[in-house]
Amino acid sequence: MKATGIVRRIDDLGRVVIPKEIRRTMRIREGDPLEIFTDKDGELIFKKYSPIGELGDFAGQLCDSLRRSTDAIAAVCDRDAVIAIAGGGRRELLDKPVSQRLGEIMEERALYRHLGGAGVSVSESDDKFVVSVAAPVISEGDIMGAVLFVAPKDAPPAGEIECKLAQTVAAFLGKQMES
């Protein structure tokens, strides 16, 4: 655990403010759920909670199915990181933070399809792979993440099949999280 040197007081309602710099660095936005853990030494640990992250194994199986159906690299991400991937790029992308532009694409709540040009990087830490197709996963009106088809830079655009599959799986994951 890394010390920040920042000290905050708890107010009379039991609230504590997480400093803006930490929220920005950790990509904590207003309304984001946080899990609270305690430790026998009296430590409190706040961890971002990812509802779609709870479906990690299931998302991995879906990615494997998408890979077998299309022979393309398939991935699922939450709003912050890639949580499952099949077909390549595992070492470069799994558990890596998503790029700022991919986050913006999810916020737009619409299907994204790369049609040429530079492309959108999947992760800030890797520039070898771009988003071919991104379908946002929406549950109870909230954006939870996205289903992606990923391709190496300069690959041809994805087809209509990948678009429809990504949308279908994203809708399915959204419904799974509602139940």
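Position 1 is the first residue of the sequence; numbering continues from there.
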Q: So for atom CD1, which belongs to Ile22, do other residues, nucleotides or ligands contribute more than 12 heavy atoms lying within a distance under 6.0 Å?
A: yes

Q: Return yes if some donor-acceptor pair links the side-chain N/O of Arg23 with the main-chain N/O of Ile18 below 3.5 Å, else return no.
A: yes

Q: Pro97 and Ser123: which non-hydrogen atoms are nearest, and at how many Å?
A: O-OG, 2.8 Å

Q: Run the side chain to side chain donor-acceptor pair (under 3.5 Å) test against Glu108 and tell me which residues pass, sequence neighbours left out.
A: Arg101

Q: Is there a donor-acceptor contact under 3.5 Å from the side chain of Glu162 to the main chain of Gly159?
A: yes

Q: For the backbone of Glu43 and the side chain of Asp41, can you confirm whether one donor and one acceptor N or O come within less than 3.5 Å of each other?
A: no

Q: Would a 4.5 Å heavy-atom cut-off, applied to side chains only, mark Arg109 and Ile143 as touching?
A: yes

Q: Under 6.0 Å from the CG atom of Asp39, do we count more than 12 heavy atoms belonging to anything else shown?
A: yes

Q: Is it the case that the side chain of Glu124 and the backbone of Gln100 share a donor-acceptor pair, with hydrogens and angles ignored and the cut-off at 3.5 Å?
A: yes

Q: Might you point out which heavy atoms bring Met177 and Ser139 nearest each other, and give the distance in Å?
A: CB-OG, 3.7 Å

Q: Out of curiosity, does Leu93 fall in the hydrophobic cluster containing Val120 (side-chain heavy atoms, cut-off under 4.5 Å, transitive links)?
A: yes

Q: Is there a donor-acceptor contact under 3.5 Å from the side chain of Asp126 to the main chain of Phe129?
A: yes

Q: Does this structure show an ion pair linking Asp64 with Arg68, if we count only N-O contacts that are shorter than 4.0 Å?
A: no

Q: Are Ile105 and Val131 linked, directly or through intermediate hydrophobic residues, by side-chain heavy-atom contacts shorter than 4.5 Å (ILVMFWY only)?
A: yes

Q: With a 4.5 Å cut-off on side-chain heavy-atom distances among I, L, V, M, F, W and Y, is there a chain of contacts connecting Val122 to Val130?
A: no

Q: Is it possible for you to say whether Leu34 and Leu44 belong to one hydrophobic cluster, with membership spreading through side-chain heavy-atom contacts below 4.5 Å?
A: yes

Q: Compare every heavy atom of Leu102 with every heavy atom of Ala134, then report the nearest pair and how far apart it is.
A: CB-CD1, 4.3 Å

Q: Might you point out which heavy atoms bring Ala170 and Pro136 nearest each other, and give the distance in Å?
A: CB-O, 3.4 Å

Q: Tell me, do Val137 and Phe172 make a side-chain contact under 4.5 Å, heavy atoms counted?
A: no

Q: Are Leu111 and Cys163 packed together at the side-chain level, in the sense that at least one heavy-atom pair is separated by less than 4.5 angstrom?
A: yes

Q: Quick one: closest heavy-atom pair of Arg67 and Gly87, and the distance?
A: NE-CA, 3.3 Å

Q: Tell me whether Phe149 is reachable from Met106 by hopping between hydrophobic residues (I, L, V, M, F, W, Y) whose side-chain heavy atoms are closer than 4.5 Å.
A: no

Q: For a 4.5 angstrom cut-off between non-hydrogen side-chain atoms, does Phe37 reach Lys47?
A: yes

Q: Write down the atom of His114, the atom of Pro157, and the distance for their closest heavy-atom approach.
A: O-CB, 3.5 Å

Q: According to salt bridge (Lys or Arg N to Asp or Glu O under 4.0 Å), who are the partners of Glu21, at least two apart in sequence or on a separate chain?
A: none

Q: When you look at CG of Asp11, are more than 12 heavy atoms from neighbouring residues, nucleotides or ligands closer to it than 6.0 Å?
A: yes

Q: Answer yes when Arg113 and Glu160 have at least one side-chain N-carboxylate O distance shorter than 4.0 Å, and no when they do not.
A: yes

Q: Do Pro152 and Lys128 touch side chain to side chain, with heavy atoms closer than 4.5 Å?
A: no

Q: Please list, one pair per line, the donor and acceptor atoms closer than 3.5 Å that link side chains of residues 73-86 to other protein atoms, with sequence neighbours excluded.
A:
unit_1, atom_1, unit_2, atom_2, d
Asp78, OD1, Asp80, N, 2.8
Asp78, OD1, Ala81, N, 2.7
Asp78, OD2, Ser50, OG, 2.8
Arg79, NH2, Glu107, OE2, 3.0
Asp80, OD1, Lys48, NZ, 3.0
Asp80, OD2, Lys48, NZ, 2.5

Q: Given side chains that start at C-beta, do those of Val147 and Leu66 come closer than 4.5 Å, heavy atoms only?
A: yes

Q: Determine whether a donor-acceptor pair (N or O, by modelled atom type, separation under 3.5 Å) exists between the side chain of Ser99 and the backbone of Ser121.
A: yes

